[in-house]
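So the structure is just underneath, and the comments pick up after that.
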Amino acid sequence: MLANREDIEALEILFNRRTPDSEGIIYPSMFTEDGKPIEENNRIIAEAIAQRVQQEKNNQD
């Protein structure tokens, strides 16, 4: 993306791919401002990813 950041059409397509009815999930920061990991937030994100993977597996069955 950085190599083609002047390609406005491609950027518009990328950002418009999300449908209006889709929901974005905002996760807490994984690191402090000085770059140290936030273990509790990493655990929350790992659990959310595991739940999403399980949902996808259930939908395939």
Assess whether atom CD of E47 is packed by more than 12 heavy atoms of other residues, nucleotides or ligands within 6.0 Å.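 Check passes, neighbour count above 12.
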Residues two or more places apart in sequence or in another chain: which of them pass salt bridge (Lys or Arg N to Asp or Glu O under 4.0 Å) with E39?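 Not a single residue meets the salt bridge (Lys or Arg N to Asp or Glu O under 4.0 Å) criterion with E39.
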Locate the shortest heavy-atom distance separating [X] from [Y]; write the atom from each residue and the value.
X	Y	answer
I38	S29	CD1-O, 3.7 Å
A48	Y27	CB-CE2, 3.5 Å
P28	I45	O-CD1, 3.5 Å

With V53, which of K57, Q55, E56 fulfils side chain to side chain contact (heavy atoms under 4.5 Å, CB included)?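 The side chain to side chain contact (heavy atoms under 4.5 Å, CB included) with V53 is passed solely by K57 among K57, Q55, E56.
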Could you list the residues that satisfy side-chain hydrogen bond (donor to acceptor under 3.5 Å, both in side chains) with Q54, not counting sequence neighbours?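 With sequence neighbours excluded, Q54 shows a side-chain hydrogen bond (donor to acceptor under 3.5 Å, both in side chains) to N58, given in chain and number order.
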So if you build clusters from Ile, Leu, Val, Met, Phe, Trp, Tyr with side-chain heavy-atom gaps below 4.5 Å, do I44 and M30 land together?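 They do not share one cluster, since no chain of ILVMFWY contacts under 4.5 Å joins I44 to M30.
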Can you tell me how far CD of E40 sits from CZ of R43, rounded to the nearest 0.5 angstrom?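 One gets 4.0 Å once the value is rounded to the nearest 0.5 Å.
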